[in-house]
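Since the structure comes first, as structure tokens, the remarks are kept for the end.
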Amino acid sequence: MHSFRLRVRALLAAVPLLSAAGSVRAELYSFYVIGNSPNAVNAAIGQSQLFFEVTAATVGGNSGVKFHFTNTGPAASSITDIYFDDGHLLNLASVTNGPSVLFYQQQTGNPVTPGNLPGGSTLNPPFVATQGFSADSNPPVQPNGVNPGEWVDIFFTLKNGATLADVIADLAADPNAWNSLRVGIHVQGFDNGGSESFVNNPAPVPVPAPAAAGLGALGLLLATWAKRRGRHQDAKARTM
């Protein structure tokens with residue numbers, strides 16, 4: 001009986017360790033609207049259905065981070081321009097388009113238009129797009145942008161020694177700090193014909209990791225089974 005309880009306790013203690021060992025770091029971010037007089041309806045749409053996830057990634061043998069931009073819908077809207085303001089990122093290495101999306105990265109002789117996030121000057125400090133870090137959709141921009149149910153990936157390599165943890169720390173940093181990183185998007189295609197600009201919220205959206213949730217459920221099942229097993233063992237002992 002004593003050895004049985006020790007085995008159960010060991011299994012339960014291992015659950016959080018398994019969760020930590022099996023987790024993959026990924027953070028999901030939402031946006032807030034900027035500008036002098038944003039449209040309230042458009043602002044609510046962008047703030048509720050536009051997101052990006054940042055993860056560690058390897059593309060073409062190069063290690064770095066991937067920004068996965070999504071439009072969860074259902075309201076009409078299209079991410080047509082994406083801008084990055086400083087941080088630990090080294091260079092925009094590649095853009096991967098989802099179905100029906102056609103983005104290109106900023107290159108010499110092929111600039112992103114507009115060159116900076118519209119409304120970015122209203123922020124404190126002003127949003128200044130880092131040269132070479134921007135991407136936008138090809139004309140016609142709204143149909144080729146990230147519309148409801150669509151996505152686009154932007155991959156960056158990192159400076160020597162920098163990691164995903166550094167990028168996440170930069171996103172959370174004070175905008176006036178040397179290492180701050182801000183992500184801005186210009187959104188068009190709203191039903192009312194307007195457009196708005198958004199910048200990421202510094203704190204990630206709290207989303208439970210599926211692996212951790214699964215292991216938590218395993219822990220609950222183990223605890224329930226152990227309790228029932230213990231009662232069975234106690235009852236058996238009393239009848240002996």
Side-chain angles (χ1 to χ4, degrees), residues 25-36 38-39 42-57 64-73 75 77-90 92 95-96 98 101 103 105-106 112 114-137 145-146 148 150-156 158 162-188 190 195-207:
R25 184 71 178 273
E27 298 289 6
L28 183 70
Y29 293 85
S30 59
F31 292 92
Y32 67 93
V33 72
I34 66 169
N36 288 318
N39 178 277
N42 296 348
I45 291 171
Q47 291 167 172
S48 64
Q49 67 185 51
L50 305 178
F51 301 90
F52 73 85
E53 183 184 51
V54 57
T55 60
V65 293
K66 180 180 69 176
F67 290 80
H68 179 69
F69 293 85
T70 56
N71 184 339
T72 61
S77 54
S78 178
I79 302 173
T80 56
D81 305 273
I82 300 174
Y83 304 87
F84 294 82
D85 183 1
D86 220 347
H88 275 285
L89 303 178
L90 177 61
L92 196 165
V95 174
T96 302
V101 175
F103 262 67
Q105 65 191 72
Q106 184 182 45
V112 165
N116 193 33
L117 176 66
S121 61
T122 64
L123 296 176
N124 183 23
F127 188 104
V128 180
T130 303
Q131 184 66 29
F133 282 17
S134 303
D136 68 359
S137 57
V146 181
E150 297 177 347
W151 58 269
V152 66
D153 289 347
I154 299 182
F155 172 71
F156 285 89
L158 298 174
T163 66
L164 173 62
D166 294 315
V167 174
I168 291 172
D170 288 0
L171 287 165
D174 185 292
N176 288 289
W178 68 271
N179 65 323
S180 69
L181 166 63
R182 291 182 291 180
V183 181
I185 56 174
H186 185 216
V187 183
Q188 302 181 60
F190 294 106
S195 66
E196 303 292 344
S197 292
F198 300 82
V199 170
N200 68 286
N201 287 301
V205 177
V207 178

For Asp166, side-chain hydrogen bond (donor to acceptor under 3.5 Å, both in side chains) partners two or more places apart: Thr163
Residues in side-chain hydrogen bond (donor to acceptor under 3.5 Å, both in side chains) with Asp86, at least two apart? none
Results of ring pair (Phe, Tyr, Trp, His ring centres under 6.0 Å) for Phe51 - residues two or more places apart only: none
Under the side-chain hydrogen bond (donor to acceptor under 3.5 Å, both in side chains) rule, collect the residues that match up with His68, sequence neighbours excluded. Asp153
Phe198: ring pair (Phe, Tyr, Trp, His ring centres under 6.0 Å) partners, not counting sequence neighbours: none
With no hydrogens and no angle check, is any side-chain donor or acceptor of Ser195 less than 3.5 Å from a backbone partner on Gln188? no
Contact between Val183 and Phe69 at the side-chain level, heavy atoms closer than 4.5 Å - yes or no? yes
Suppose we screen for side chain to side chain contact (heavy atoms under 4.5 Å, CB included). Which residues come up paired with Gln105, at least two apart in sequence or across chains? Leu92, Val95, Gln107
Working to the nearest 0.5 angstrom, can you tell me the gap between Asp81 CG and Gln106 CD? 11.0 Å
Scan for side-chain hydrogen bond (donor to acceptor under 3.5 Å, both in side chains) pairs involving residues 114-125, sequence neighbours excluded, and state none if there are none. none
Derivation of the side-chain contact (heavy atoms from CB on, under 4.5 Å) call for Val152 and Ile79: CA-CA 10 Å; Val152 66; Ile79 302 173; over 6 Å; no
Could I get the full list of side-chain hydrogen bond (donor to acceptor under 3.5 Å, both in side chains) partners for Asn71, not counting sequence neighbours? Gln49, Ser77
For Pro118, the side chain to side chain contact (heavy atoms under 4.5 Å, CB included) test, sequence neighbours excluded, returns Tyr83, Pro114, His186, Ser197
If you measure from CG on Leu171 to CD on Glu27, what distance do you get to the nearest 0.5 Å? 9.5 Å
According to salt bridge (Lys or Arg N to Asp or Glu O under 4.0 Å), who are the partners of Asp85, at least two apart in sequence or on a separate chain? Arg182
For residues Glu150 and Gly145, report the shortest heavy-atom separation together with the two atoms involved. OE1-O, 3.1 Å
Output all residues satisfying side chain to side chain contact (heavy atoms under 4.5 Å, CB included) with Asn176, sequence neighbours left out; order by chain, then residue number. Pro125, Asp174
Spatial distance of atom CG (Leu117) from atom CZ (Phe127) [nearest 0.5 Å]: 5.0 Å
Who pairs with Phe67 by ring pair (Phe, Tyr, Trp, His ring centres under 6.0 Å), at least two apart in sequence or on another chain? Phe52, Phe84, Phe156
Could you give the distance from CD1 (Ile34) to CD (Glu196), rounded to the nearest 0.5 Å? 9.5 Å
Where is the tightest heavy-atom contact between Pro148 and Ala75, given as atom of each residue plus distance? CG-O, 3.3 Å
From CH2 (Trp151) to OG1 (Thr72), nearest 0.5 Å: 16.0 Å
Heavy-atom closest contact (Ser180 atom, Pro175 atom, distance): OG-O, 3.1 Å
For the residue pair Ala56 and Leu164, what are the closest heavy atoms and their distance? N-CD2, 3.6 Å
Has the side chain of Asn200 got a donor or acceptor atom that lies under 3.5 Å from a matching backbone atom of Tyr29? no
Atom pair CG/CG of Leu89 and Leu181 - distance to nearest 0.5 Å: 5.5 Å
Report yes if some heavy atom in the side chain of Leu158 is under 4.5 Å from a heavy atom in the side chain of Leu90; otherwise report no. no
